[in-house]
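Reading through the structure tokens given below for one structure.
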Amino acid sequence: MPLLVMKFGGTSVADLARIQNAAQKVKREVERGYDVIVIVSAMSGKTNELVGWVEQTSPLFDAREYDAVVSSGENVTAGLMALTLQEMDVPARSWQGWQVPIQTTSAHSAARFLSIPRENIDAKFAEGFKVAVVAGFQGVSPEGRITTLGRGGSDTTAVAFAAAFSAERCDIYTDVDGVYTTDPRITAKARKLDKIAYEEMLELASLGAKVLQTRSVELAMRYNVRLRVLSSFEDTDETSGTLVCDEDDIMESKVVSGVAYSRDEAKMTLVTVEDRPGVAAAIFGPLAEAGVNVDMIVQNISEKDLGGRTVNVTDMTFSCPVNQVARARKALEDAKAAGAIMYDDLVSDTDVAKVSVVGIGMRSHTGVAATMFKALAADGVNIKVIATSEIKISVLIDRKYMELAVQALHDAFALETAN
């Protein structure tokens, strides 16, 4: 039998009525001739509730017990989904992570997959079961303890199962009907994409688009899993949603496919750092050890007169999430106190946003940067930092101009039109 993986997020299984709605979609695929592996998240809000209970009980909690508690939300959903399907005369069985078993590393709350053996689920399909409902977000460590994959881990579970079982496709059901050229809440001109390349989706996900979890896209690209994003709340068919696929499966695409943004960014600058070999490592090593997620980096070289002796100095600017500024400042101040680095000042700006344009067409087209910068300048948006890659250009700007910048770039690249 051909096999399909279907994943339902928290809003798609928020209550019994929505579980029944999701089960109807599963039944429809079974009637089309598929064996189906269903990956479910916890019911909407349940994971936050469980995390809150853990933190109230034990502020300095044991991560192993945290995983034991927090993973239980998916177990409830899996059981309810299997029961609902059985009431619809669809042979279904629920599976917790340890029953598959989904084998992961021992990094509790941030585990990664080691392997997903097929034997147990394949045996049930051979017995006549048509649906395996698997609790997402969880696995089992080599020590036999329950692990979790981090927030958004059910997306990653779904892609991993699609890869392990050579599924025809992995359908991600969520509360939106696909991937858009930008956030429709910012511009009404945003257009749903029929297809998007893995690399573009990965960039958009990492830059702030909330449709898919970044690790799930990485996994899909590595194992060439065809992903489809579609709505749980609409009638769907084979052409619904957005297909995330290999670049070769897209006949022709626009130079820019989408505009992404991240509101909660900060810019930090080390002023007058001695320019010498190893200084970058001396700065970013402590930041990495402190768990600071550094993104854009800009270095400016100048000269400084030290009593008749001229030395090269640098200003080092980087961006990071705004909630990591205090951690970054402490790491750099500690490094300075230890004599690892010297600088005159550490300046932070916590009122910035990151706006990016993404598109595989940038590889073969010129003028994208010029178009972007002209559009921003025309609306009076000043650029603080620029970073580029092969298929992306990102800028840091004042946060108050973020929505204006997104709208201006969406118009500049005519993303509301398909061609």
Side-chain angles (χ1 to χ4, degrees), residues 5 7 9-10 37-42 46-79 94-122 132-165 170 202 205-206 212-223 225 284-294 321 323-324 327 331:
V5 173
K7 182 264 178 179
I37 296 176
V38 177
I39 309 296
V40 292
S41 297
K46 180 56 66 176
T47 300
N48 287 339
E49 181 182 44
L50 294 169
V51 170
W53 288 351
V54 170
E55 291 175 343
Q56 290 176 44
T57 303
S58 176
L60 299 175
F61 52 77
D62 182 333
R64 291 163 294 190
E65 302 307 333
Y66 171 94
D67 280 359
V69 173
V70 174
S71 64
S72 64
E74 281 73 14
N75 298 341
V76 172
T77 311
S94 68
W95 298 77
Q96 296 179 19
W98 63 271
Q99 293 174 302
V100 175
I102 303 170
Q103 297 169 348
T104 73
T105 62
S106 301
H108 288 276
S109 79
R112 291 187 173 269
F113 291 109
L114 295 175
S115 67
I116 299 177
R118 296 182 48 158
E119 289 79 7
N120 290 340
I121 288 180
D122 278 343
V133 185
V134 180
F137 175 62
Q138 63 180 251
V140 59
S141 72
E143 296 77 27
R145 300 292 310 184
I146 294 171
T147 57
T148 62
L149 309 176
R151 300 307 287 265
S154 292
D155 281 356
T156 309
T157 303
V159 175
F161 268 82
F165 283 79
C170 177
L202 184 58
S206 65
L212 287 172
Q213 202 255 6
T214 305
R215 279 172 60 194
S216 70
V217 184
E218 290 175 345
L219 204 60
M221 184 164 63
R222 185 184 311 163
Y223 293 102
V225 173
F284 295 107
L287 291 172
E289 291 171 5
V292 177
N293 184 18
V294 173
N323 61 2
Q324 295 181 6
R327 193 186 308 170

When you compare the side chain of [Y] with that of [X], does any pair of heavy atoms fall below 4.5 Å?
| X | Y | value |
| --- | --- | --- |
| Y223 | V159 | no |
| F165 | D122 | yes |
| S109 | D67 | yes |
| Y66 | V51 | yes |

Has [X] got a side-chain atom pairing as donor or acceptor with [Y]'s backbone, closer than 3.5 angstrom?
| X | Y | answer |
| --- | --- | --- |
| T148 | S71 | no |
| Q324 | P321 | no |
| T77 | G73 | yes |
| Q103 | L114 | no |
| S115 | P117 | no |
| E74 | S41 | no |

* To do: Before giving the answer on side-chain contact (heavy atoms from CB on, under 4.5 Å), spell out for I37 and W95 the whole-Å C-alpha distance, their side-chain angles and the decisive distance to 0.1 Å.
  => CA-CA 10 Å; I37 296 176; W95 298 77; over 6 Å; no
* Between CD of Q138 and CD1 of I146, what distance do you get to the nearest 0.5 Å? ->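 Output value for this atom pair is 6.5 Å.
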* Supply the atom-to-atom distance I116 CD1 to I121 CD1, rounded to the nearest 0.5 angstrom. =>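 The distance works out to 8.5 Å.
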* Which of these, Q213, E218, R215, R112, sits in a side chain to side chain donor-acceptor pair (under 3.5 Å) with T156? ->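 For T156, the side chain to side chain donor-acceptor pair (under 3.5 Å) check succeeds only for Q213.
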Testing the basics here: between [X] and [Y], what is the closest heavy-atom pair and its distance to 0.1 Å?
| X | Y | answer |
| --- | --- | --- |
| A162 | C170 | CB-CB, 3.9 Å |
| L50 | V69 | CD1-O, 3.7 Å |
| E143 | S106 | OE1-OG, 2.5 Å |
| A164 | R118 | O-CD, 3.2 Å |
| S94 | A78 | CB-O, 3.6 Å |
| F161 | I102 | CE1-CD1, 3.6 Å |

* Residue pair L219, V225: steps toward the side-chain contact (heavy atoms from CB on, under 4.5 Å) verdict -> CA-CA 8 Å; L219 204 60; V225 173; over 6 Å; no
* Where do T147 and T105 land on the side-chain contact (heavy atoms from CB on, under 4.5 Å) test, with the steps shown first? -> CA-CA 8 Å; T147 57; T105 62; over 6 Å; no
* To do: Apply side-chain contact (heavy atoms from CB on, under 4.5 Å) to the pair T157 and F113, showing each step before the final yes or no.
  => CA-CA 9 Å; T157 303; F113 291 109; 3.9 Å; yes
* Over 12 foreign heavy atoms within 6.0 Å of CZ, R327 ->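 Counting neighbours around CZ of R327, more than 12 heavy atoms of other residues, nucleotides or ligands fall under 6.0 Å, so yes.
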